[in-house]
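Only one structure is covered here, and it is reproduced in the block below.
Here is the naming used below: chain letters follow the sequence lines, and residue numbers restart at 1 for every chain.
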Number of protein chains: 2
Amino acid sequence: DKFAKPFNPSSSSGLATEAKAATDNSNDIETPMRERMSTFVRKMQNKIVENLDKLEMQAAQELGVTPKLFVRDEWVRKEGGVGLSCVLQEGNVFEKAGVLVSVVHGPASANLIKQMRARKKEGVSDESGVYHMFAAGCSMVLHPHNPNAPTAHLNYRYFELVKEGEEKPVAAWFGGGCDLTPSYLFEEDAVQFHRVIKDVCDKHDTEYYPKFKKWCDEYFYIPHRHETRGVGGIFFDDLEHGDHNNLFKFVEECGLSFVDQYVPIMQRRWNAPFSAEMKRWQQLRRGRYVEFNLVYDRGTKFGLVTPGARIESIMCSLPLTARWEYMHEPAEGSKEAELIKVLQKPREWVV
Amino acid sequence: DKFAKPFNPSSSSGLATEAKAATDNSNDIETPMRERMSTFVRKMQNKIVENLDKLEMQAAQELGVTPKLFVRDEWVRKEGGVGLSCVLQEGNVFEKAGVLVSVVHGPASANLIKQMRARKKEGVSDESGVYHMFAAGCSMVLHPHNPNAPTAHLNYRYFELVKEGEEKPVAAWFGGGCDLTPSYLFEEDAVQFHRVIKDVCDKHDTEYYPKFKKWCDEYFYIPHRHETRGVGGIFFDDLEHGDHNNLFKFVEECGLSFVDQYVPIMQRRWNAPFSAEMKRWQQLRRGRYVEFNLVYDRGTKFGLVTPGARIESIMCSLPLTARWEYMHEPAEGSKEAELIKVLQKPREWVV
């Protein structure tokens, strides 16, 4: 049983302590998918962190201040697995930014198996079977200082369930997505973000983008506010049919394209002029972000009830600061009201 | 059917527009309980708002600034009922303070009846029965500016279920409580808050305080943080056995004693000196308050899934501002660490 042996963090399926993996096995179709994904999530994390560090350095230079870079924080899961959290707080561009990788494994809880049955994973239908899980993922939330600059979120993950005594997983699937949450609407930013990810989707399956864009709008809907969290992106789960090598290539390209989705937006927004009033509006929007994440987000809810879950990683998605005012309503015709309109009725950004 | 007729806001069971009810029927045992409670929650709201306004005026005078008083905001529930929200934002003493009354009635949803059956309300066991609900309550959350001054919460409520065609409720019960959430521990404040409410409890039943104090510590526990929200108070629900006149008197005295629990604390803390570091710690504690309210609080969760619930009232409990830092840990032996210790192991404040 592959999962029973102690996790070896220096193997290629783990997270090496050094900054880069010795060999990139993510494109080797002979390598087990869990190892390819472990390598890929690290690679994606590195690419994002490097590019955001660069943005911080560029900003520090322009402002004539000391750059503040990501801090790396490794952890070990007692029940099996390791993680690497890269977090930047109170930087020049970002108020709070977290790019987190985790590669965990171990016995699948009864609760998890029950959920998987509800999600029609037929491989776990044996009531007396003992199952092990493996999960590798990278998740990221970026909250910039500047109210003109949008918050971005990304998560790409791979999941396997293996029945004890068997080699081949009884279920294996990919999930993920990315979405943008501006405080002020700049159409060109929403178009940029969607355009890049649509191009990736279209290369793999022209049905992906329309389907996953809609799924994203639906997933990030806040019912009690009658609005979506942001201007969307893509969201998918249970991607398991067809050739897993192709699915992996799709997810890999999605993840590696994030820098192109987001960095050009930040380059035009991070230092744009803003008023105290605009900052206050951003803080109110951050409050809505907190509401979505704590009340509805499946990942957060799942994390909060999972024994041994790392609470600091789960809560890393929350903004550094947020605000709630009683009965706040943006003035008719204002920039703030314009954003709300889009959140109430999701738009098609690219066709 | 008493509940089918349109609600008359000028009747004594409603909330008159004028500041005080024409007649105080809360002590008339011949008056139906729902009317006595409607009158009482208004009376409690008035008493609290008046005393907090006084505190704000006193503070404004000391600071030589304009006082900022509570704003009153009446609303009508389409499905039946009315409310009066009194809110003060960015005052001199309070960052955000809400004292909300609602008196609502109407058909009981299938979801509510299901919940009531789970809570062993035997009067609603008739599967084919049609039920109506009545609820009168006052809830309050006060978030002061000064990190030395504690946040306070209170809620006292009365609930009735009536079967269609019947006069006498098939179930009727009281619930409520009060609790204190300091950012910095001042033992004398915790003792004061508990002492006043223990005295009220003891007058009615010496088993109340120990039982309700424990219930409060358990209810306000945040499992994912392994700590309670604050230093507690009392919490009770389903108070329905015995003489309802006595239960009413108990709840009434609890509610009317809040000013004595809290105002003396505020008088010594509202203007105590503090550092930027202390303010930041308070903001982090406010983050935990948000976590409890959005993830666990039964009232909030119930409100979020109730059709026609007033979202601005539900979210009024959230602080004006809150903060989340990754991996924040107070220094060993610091004032901040001292608070955490108490939250991890609730203490007996009065014996």
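The minimum heavy-atom distance linking Leu294(B) with Glu291(A) is given by the pair CD1-CA, 3.9 Å. Closest non-hydrogen pair, Trp324(A) versus Ala322(B), comes out as CZ3-CB, 4.1 Å.
Between atom CG of residue Leu320(A) and atom CZ of residue Arg323(B) there is a gap of 4.0 Å, rounded to the nearest 0.5 Å. Interatomic distance, OG of Ser313(B) versus CE of Met327(A), reported as 8.0 Å (0.5 Å rounding). Thr321(B) contributes atom OG1, which lies 11.0 Å from atom CG of Leu284(A) (distance to the nearest 0.5 angstrom).
Between chain A and the options Lys301(B), Arg286(B), Gln283(B), Arg225(B), heavy-atom pairs under 4.5 Å are most frequent for Arg225(B). Between chain A and the options Thr300(B), Val87(B), Ile314(B), heavy-atom pairs under 4.5 Å are most frequent for Val87(B).
With a 4.5 angstrom heavy-atom cutoff, Val71(A) does not touch chain B via any of its atoms. With a threshold of 4.5 angstrom between heavy atoms, Ile311(B) approaches chain A through side-chain atoms but not through N, CA, C or O. With a threshold of 4.5 angstrom between heavy atoms, Glu90(A) approaches chain B through side-chain atoms but not through N, CA, C or O.
By the 4.5 Å heavy-atom criterion applied to side chains, Leu304(B) and Val295(A) are counted as neighbours. A 4.5 Å side-chain heavy-atom check between Tyr326(A) and Ser85(B) finds at least one atom pair inside the cut-off. Met315(B) places a side-chain heavy atom less than 4.5 Å from the side chain of His224(A). Side-chain atoms of His328(A) and Glu312(B), non-hydrogen and from C-beta on, never get closer than 4.5 Å to each other.
The neighbour count for Glu218(B) CD, taken as heavy atoms of other residues, nucleotides or ligands under 6.0 Å away, is above 12.
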